[in-house]
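Reading through the structure tokens given below for one structure.
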Amino acid sequence: MDVSYLLDSLNDAQREAVSSPVEHRLVLAGAGSGKTRVLVHRIAWLMRVEGASPFGVLAVTFTNKAAAEMRVRLDSLLGIPISGMWVGTFHGIAHRLLRTHWTDANLPKTFQILDSEDQFRIVKRVHKALELDDTRWPPRQSQWYINGKKDEGLRPQYLDDNGDFQERKLIEIYQAYEASCQKSGVVDFAELLLRAHELLRDSPTLLAHYQNRFRHILVDEFQDTNTLQYAWLRLLVGKEGKLFAVGDDDQSIYGWRGAKIENIQRLNEDFSNVGVIRLEQNYRSTSNILSAANAIIEKNENRMGKKLWTADGQGEPILLYRALNELDEAQFVAERIQKLSESEGYSRNDFALLYRSNAQSRVLEEALIRAGLPYRIYGGLRFFERAEIKDAMAYLRLLKNRDDDTSFERVVNTPTRGIGQRTLDIIRTIAREQVTSMWRAAQFVVAENELTARAGNAVKVFLSLIDQMDEGTDSLLLHERVEQTIQQSGLIDHYKKEKGEKGQTRVENLGELVTAARYFKPSDDAEETEMDLLDAFLAHAALEAGESQSEPGDDCVQLMTLHSAKGLEFPVVFMCGLEEGLFPHKRSSMEPRQLEEERRLCYVGVTRARKQLILCHTEHRRLYGEDHYPQLSRFVREIPDELLEEVRQNYGAVRPSSMNSAFNSPIKKPSSQIGGLNLGQSVSHAKFGSGVVINFEGDGNHARVQVNFDTHGCKWLVLAYAKLETL
DNA sequence: TTTAGTTGAATAAAG
DNA sequence: TTCAACTAAA
């Protein structure tokens with residue numbers, strides 16, 4: 001059989017990866033080195049050359065987008081739609097296992113999936129039940145704790161408080177939260193993974209079955225796996241399976257989310273004969289951009305090691321613009337976009353504005369609006385996360401699972417039907433006492449006449465509304481059922497009444513939901529696990545929240561955080577706010593590990609650019625109402641001067657003789673004195689009297705000192721104005 | 001139930 | 001500074 005088409009279009013390293021013997025493999029794929037291509041070709045190779053059955057292949061990704069792309073590319077490479085192969089996200093696959101083996105997993109057949117918002121609500125409820133003061137015990141923190149422990153594969157009963165009071169409380173909360181979820185038959189995202197892991201671990205038969213089935217396990221973005229995902233993979237690979245992991249340690253930017261970059265190194269300890277292949281040829285960027293990227297990432301220690309190169313030319317120099325403040329920065333960006341569009345013929349889609357934190361987007365947006373440039377922001381609320389959609393979904397979930405307390409609480413009084421806080425408190429208490437769901441408690445309360453006539457009636461109306469919506473709608477088509485639900489529940493009318501454009505959009509969104517239901521096609525696994533169409537739709541909504549607003553098809557400038565830029569590429573990339581404190585973020589700059597992650601984030605940003613990279617920073621930035629006079633980011637200073645060209649507004653381009661001499665004081669040796677003042681120096685000020693210099697920042701006209709005044713406390717003063725006298 | 005006023009948090013985010 | 005979430009009052 002001629003399989004040359006599987007290798008022809010590949011370079012040597014890619015070819016080696018695709019055609020390597022069926023053993024464990026780790027492919028270190030640099031940015032823009034064609035990793036998806038390798039992954040897809042490897043699967044095709046396994047099938048066409050190694051005789052693997054599609055049933056024997058499991059391919060795991062982190063995002064739905066990546067999974068979808070892989071499926072499409074596989075189909076087109078193989079010329080036929082792949083069936084029987086498991087291609088999906090970690091969560092999607094875990095979900096599939098749990099749906100198939102719900103009894104073994106100790107779940108109700110129609111268990112529902114919680115998103116982070118649902119989870120947060122439950123945590124808050126648990127806090128209330130435990131009578132915790134939310135100021136002392138922020139629910140967010142508990143949620144963080146619970147997810148963190150689950151990602152580590154830890155159940156509360158195995159946790160040790162080590163005599164720590166705080167820890168003990170958190171364990172208690174975790175335990176109560178779990179009990180609540182189990183009672184309601186709901187599962188959060190981390191729980192999907194944890195249960196799936198336990199399911200296999202605790203059932204030798206099931207484990208043997210899946211180990212036997214999946215002889216080839218391929219993982220994308222391996223550097224993003226957390227402890228639990230790694231354990232799950234290890235379990236599933238077993239003795240016979242072969243792991244093909246693709247990743248890039250230099251692009252590991254989700255440590256704060258539980259990702260363990262160490263998993264890459266661990267491969268060698270836990271698996272035998274892990275061949276490592278490096279993909280270092282980059283097909284995306286100019287060599288100037290790659291040199292900058294290499295220079296930055298080289299400053300990290302503990303790397304697997306990798307150096308990107310390209311067969312293409314040097315390209316444009318990297319531009320560096322030093323703005324007066326964030327407004328100036330934004331204006332510069334907008335002007336540059338217009339200028340480059342005209343001179344180089346770029347379309348708006350070709351530009352991406354990247355920033356470290358979301359707070360930076362506003363000023364940029366305003367400048368774009370002023371310049372009449374349409375833009376699109378990545379991230380933000382997605383379709384299935386909108387309140388009105390979640391309301392509708394909550395009704396649907398109640399139809400499937402009356403014990404789903406989260407959904408119950410969400411819609412019991414939406415639209416308002418006279419079931420107030422008072423009534424709910426009673427129901428909640430009963431539910432807790434009888435260790436049952438809100439739904440059952442409500443039934444009980446109605447039956448026992450424990451409420452005032454009015455409240456009792458209102459509850460009765462709600463209960464029968466749900467039952468009634470459930471009855472006789474089984475035969476309806478999915479979208480008819482959805483339509484019925486939003487009608488009968490009164491949601492549509494409720495939102496129609498809402499004044500202004502908001503209500504209008506909400507009604508439109510609900511209509512959109514009906515359309516989504518009409519065209520909803522369950523995935524293979526939904527079909528195979530014999531899920532009812534509505535169940536599949538509910539799961540789909542939870543696992544795939546959909547795209548965020550505004551059509552990607554429009555010709556728009558793209559705004560996003562550096563994190564969400566990962567995996568994307570653009571002809572022209574602006575990186576804004578390259579300032580110490582902002583990027584690297586001050587909360588990450590203390591610890592070397594975190595600083596390295598920031599540096600990787602910078603590396604990710606730089607390698608998004610194909611032709612032109614433009615770096616911006618300000619000498620003055622107002623953030624949260626506070627003034628900052630930040631230094632240029634150390635990451636920029638790690639780029640060799642000869643790759644950079646400084647942009648001087650109105651003066652044209654000037655090549656700096658040295659970045660350090662021009663206007664940046666090096667942070668490696670922060671000057672301990674400024675404007676003739678030393679730390680600890682006693683000074684006096686005309687208005688504030690005498691004090692001691694305790695800190696300073698900035699230089700030139702913006703140099704500021706912090707003085708602790710004897711009578712007026714600590715103040716930051718601009719040296720140029722303050723006229724301090726040394727004492 | 002709705003509305004106005006108050007408080008508090010502000011790094012990044014897929015499923 | 002800004003915005004969302006919460007609280008108190010009408």
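Lettering follows sequence order; numbering is per chain, from 1.
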| Position toward the 5' end of DNA chain B (nearest nucleotide), A/Ser357 or A/Phe62 | A/Ser357

| Phosphate OP1/OP2 of B/dA12 contacted by A/Ser588 side-chain N/O (<4.0 Å) | no

| message | What is the separation between atom CG on A/Leu98 and atom P on B/dG15, rounded to the nearest whole Å? | response | 18 Å

| query | Within less than 4.0 Å of OP1 or OP2 of B/dG15, is there a side-chain N or O belonging to A/Arg382? | reply | yes

| Inter-nucleotide C1' distance (B/dT11, C/dC6), Å rounded | 24 Å

| Residue A/His91, side-chain heavy atoms: nucleotide from B/dG15, B/dA12, B/dA13 that is nearest | B/dG15

| task | Using the P atom on both, measure C/dA5 against B/dA12 and round to a whole Å. | result | 15 Å

| task | Rounded off to whole Å, could you give me the CD-to-C1' distance for the A/Glu597 and B/dA12 pair? | result | 9 Å

| request: Pick base, sugar-phosphate or nothing for A/Lys124, based on heavy-atom distances below 4.0 Å to the nucleic acid. | output: sugar-phosphate

| Which part of the nucleic acid, if any, lies within contact of A/Asp115, taking any heavy atom under 4.0 Å across all strands shown: a base, the sugar-phosphate backbone alone, or nothing? | nothing

| task | Considering just the side-chain nitrogens and oxygens of A/Asn358, establish if one lies under 4.0 Å of OP1 or OP2 belonging to B/dA13. | result | yes

| note | Taking C/dC3, B/dA13, B/dT11 as options, the one with an atom nearest any side-chain atom of A/His563 is B/dA13

| said: Could you walk me through whether A/Asp391 and A/Tyr495 satisfy the side-chain hydrogen bond (donor to acceptor under 3.5 Å, both in side chains) test, starting with their C-alpha distance in whole Å, then the side-chain angles of each, then the deciding distance to 0.1 Å, before giving a yes or no? | reply: CA-CA 11 Å; A/Asp391 289 343; A/Tyr495 281 121; 2.6 Å; yes

| message | Between the base of B/dG15 and the side chain of A/Thr63, is there a donor and acceptor pair under 3.5 angstrom? | response | no

| said: Against the six-membered ring of A/Phe111, is A/Arg99 placed for a cation-pi contact (under 6.0 Å from the centre, within 45° of the normal)? | reply: yes

| request: Find the distance A/His127:NE2 to C/dC6:P and express it as a whole number of Å. | output: 13 Å

| request: May I ask you to decide whether A/Lys586 forms a salt bridge with A/Glu580, counting only side-chain N to carboxylate O separations under 4.0 Å? | output: no

| query | What's the closest nucleotide to the A/Tyr254 side chain, out of B/dA13, C/dT1, B/dA14? | reply | B/dA13

| With a 4.0 Å cut-off, would you call A/Glu498 and A/Arg506 a salt bridge? | yes

| said: When you compare the side chains of A/Thr618 and A/Glu329, does any donor N or O come within less than 3.5 Å of an acceptor on the partner? | reply: no

| field | Nearest-nucleotide comparison on DNA chain B, the residue closer to the 5′ end among A/Glu544 and A/Lys586 | value | A/Lys586

| query | Rounding to a whole Å, what distance do you find between A/Leu623:CG and B/dA9:P? | reply | 17 Å

| Whole-Å distance separating the CG atom of A/Leu568 from the P atom of B/dA13 | 12 Å

| task | Give a yes or no on whether a salt bridge exists between A/Asp425 and A/Arg428, defined as a side-chain N under 4.0 angstrom from a carboxylate O. | result | yes

| said: Rounded to whole Å, please give me the gap between CG in A/Asp627 and P in C/dT1. | reply: 10 Å

| request: When you get a sec, tell me which of B/dG15, B/dA13, B/dT11 is the closest nucleotide to the side chain of A/Thr89? | output: B/dG15

| query | Going by atom types alone, do A/Glu221 and A/Gln223 pair a side-chain donor with an acceptor below 3.5 Å? | reply | yes

| Taking 4.0 angstrom as the limit, do A/Arg73 and A/Glu69 come out as a salt bridge? | yes

| message | Looking at A/Arg362 and A/Glu326, is there a salt bridge between them, counting it only when a charged N and a carboxylate O are closer than 4.0 Å? | response | no

Taking N or O atoms only and anything under 3.5 Å, show me the protein contacts with nucleotides 1-5 of chain B, one pair per line.
residue: B/dT1; atom: OP1; partner: A/Asn413; partner atom: ND2; Å: 3.2

| message | I need the residues from residues 219-234 of chain A with at least one non-hydrogen atom less than 4.0 Å from DNA chain B; give them sorted by number, or say none. | response | none

| said: Between P on C/dT7 and CG on A/Asp134, what's the gap in Å once rounded to a whole number? | reply: 8 Å

| query | If pairing requires Watson-Crick or G-U wobble contacts with both distances under 3.5 Å, which nucleotide is the partner of B/dA12? | reply | none

| Nearest-Å distance, CD (A/Gln119) to C1' (B/dG15)? | 12 Å

| With a 3.5 Å cut-off and just heavy-atom distances, do the side chain of A/Arg356 and the base of B/dA12 make a donor-acceptor pair? | yes

| task | Would you kindly say whether A/Gln119 and A/Tyr177 are connected by a side-chain donor-acceptor distance under 3.5 Å? | result | yes

| For B/dT7, the Watson-Crick or wobble counterpart (both distances under 3.5 Å) | C/dA4

| message | Please determine whether a side-chain nitrogen or oxygen atom of A/Arg362 lies at a distance below 4.0 Å from atom OP1 or OP2 of C/dC3. | response | yes

| Does the side chain of A/Ser407 pick up a donor-acceptor pair with the side chain of A/Gln112 at under 3.5 Å? | no

| Does OP1 or OP2 of B/dA13 have a side-chain N or O of A/Thr561 closer than 4.0 Å? | yes

